Novice: 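Can you keep this structure in mind? I'll have questions shortly.
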Amino acid sequence: MRQAATTSQQRHSSHEYDHLVPLFEDLAALDVDDPRREAIRDELVTGYLPLAEHIAHRFAGRGTPKEDLIQVATVGLINAVDRFKPDKGSDFLSYAVPTVMGEVRRHFRDTSWAMRVPRRLKELHLSVSGASTRLAQQLGRAPTPAEIASHLGISKDEVYEGLEAGQAYHASSLDESLGNDGEGMPLGEAIGENDSGIEGVENHEALEPLIRELPERERHIIALRFYYNLTQTQIAERVGISQMHVSRLLSRTLAKLREGLLEGDTEESAADE
Amino acid sequence: MRLGANLVHLPIVRAVAVNIAMRADFDVDAISDLELAVDEACSSLITHAVAGSVLACRFTIGTDDIVFTVTVTSAEDVTPNESTFGWRVLTTLTDDVTSWADQLDDSLHQVHIEFLKRRPVVAR
């Protein structure tokens with residue numbers, strides 16, 4: 001019963017978006033730096049927002065707050081709008097749905113806990129992470145544990161616990177990062193292909209293929225931190241995830257690159273002999 | 001802090017780094033940067049350490065900075081090349097980083113990486 005209702009709702013909503021379709025052609029016709037792009041892009045994102053909300057709703061009830069899911073789904077939607085090429089013969093919805101779903105799935109994968117962490121600690125971690133994001137917006141810089149403690153009205157020791165609980169993410173993230181390239185998502189025509197900024201680096205020949213293999217978001221975050229020298233808080237704001245999430249992604253990506261470079265070294269010296 | 005020069009001990013060093021930076025009330029960016037830098041410095045040295053040797057780590061806590069020094073014994077002078085990506089990572093994450101090696105005898109070197117992480121200046 002419920003299934004049928006969802007389907008008819010979807011059918012209904014795809015008509016709802018008909019008036020937006022020509023906007024993609026308009027957007028494609030404008031130059032990359034045309035100031036009118038921004039307005040059209042906003043209209044598209046706003047217009048398709050019900051789609052993101054709908055997908056977020058389907059993932060509700062798994063322990064992630066609804067607002068977070070909608071935020072993640074919206075990031076997926078923005079990516080879809082930015083990357084969709086109307087001349088490729090597919091319609092936007094069939095492109096956007098897997099992109100947005102992929103983003104939400106990735107969120108679950110990135111934020112799954114490696115070991116059994118007591119509920120109290122998970123909640124503490126989430127509230128510390130949330131407070132950190134809000135304070136960063138207010139202060140325009142990263143907050144300190146003391147500031148987070150006074151913002152939440154809890155002790156500094158509790159903040160420490162909440163921050164450290166985030167480390168329980170690490171172990172699983174490392175395993176999962178092996179061979180995750182977006183589960184067949186249409187991320188191929190990645191934007192900013194050459195923005196890693198590693199050209200000046202001596203071992204860039206070994207590094208380049210490793211960086212190219214990274215999921216697009218990880219590659220982008222690495223470039224923002226180590227080439228554009230943005231702080232984690234600035235990156236978090238730009239990418240639309242928490243600073244702690246940026247921290248985890250950087251940590252696992254650096255580990256992955258180190259491992260890859262080391263393997264490259266070993267192969268090279270084996271070839272020398 | 002002296003541990004076996006083995007990658008399995010890295011989480012311990014990282015946890016200590018995070019703990020020290022939190023208690024010094026560094027901001028959350030600096031706490032994570034220090035953790036990542038410790039990870040980078042230790043793993044780059046551990047991979048060149050003589051099997052069964054020691055990883056020596058020292059944290060020196062000042063009023064406005066934390067200095068971290070890591071030392072391993074290696075068969076070669078494996079001071080990191082300053083034009084590698086790993087070095088770029090270290091210089092981005094920290095405020096001042098140096099690396100040097102002491103020759104112990106014909107076959108052994110002590111290789112060190114030392115960096116300083118300053119408490120970010122906060123405009124209140």
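Everything numeric in this text was worked out from a predicted model, so none of it was measured. So you know, we letter chains A, B, ... as the sequences are listed, proteins then strands, and number each from 1.
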Novice: Are the side chains of A/L210 and B/F85 in touch, meaning some heavy atoms are under 4.5 Å apart?
Specialist: no
Novice: For chain B, which of A/D157, A/T233, A/L139 has the most heavy-atom pairs under 4.5 Å?
Specialist: A/T233
Novice: Should A/Q232 and B/L36 count as side-chain neighbours, where that means a heavy-atom distance under 4.5 Å?
Specialist: yes
Novice: Please indicate whether B/R23 has more than 12 foreign heavy atoms, meaning atoms of other residues, nucleotides or ligands, lying under 6.0 Å from its CZ.
Specialist: yes
Novice: Of A/S242, A/S247, A/P143, which is the lone residue that meets side-chain contact (heavy atoms from CB on, under 4.5 Å) with B/V28?
Specialist: A/P143
Novice: Which residue out of A/V246, A/V159, A/I148, A/L254 racks up the most heavy-atom pairs below 4.5 Å with chain B?
Specialist: A/L254
Novice: Count the heavy-atom pairs under 4.5 Å between each of B/L93, B/V89, B/T91 and chain A, then report the option with the highest count.
Specialist: B/V89
Novice: Locate the shortest heavy-atom distance separating A/F226 from B/R88; write the atom from each residue and the value.
Specialist: O-NH1, 3.1 Å
Novice: Please evaluate residues A/R225 and B/D33 with respect to the criterion side chain to side chain contact (heavy atoms under 4.5 Å, CB included), reporting the C-alpha separation (whole Å), side-chain torsions for both, the decisive distance (0.1 Å), and the verdict.
Specialist: CA-CA 10 Å; A/R225 184 70 190 94; B/D33 282 350; 2.9 Å; yes
Novice: Treating B/D25 as the side-chain partner and A/T144 as the backbone partner, does any N or O pair qualify as donor plus acceptor under 3.5 Å?
Specialist: no
Novice: If we ignore angles and hydrogens, is there a donor and acceptor under 3.5 Å between the side chains of B/T47 and A/R258?
Specialist: no
Novice: Minimum heavy-atom separation for A/P145 to B/M22, with atom names?
Specialist: CG-O, 3.8 Å
Novice: With a 4.5 angstrom heavy-atom cut-off, which part of B/E82 approaches chain A: side chain, backbone, both or neither?
Specialist: neither
Novice: Given the options B/D29, B/T92, B/I31, B/D39, which has more heavy-atom pairs under 4.5 Å with chain A than any of the others?
Specialist: B/D29
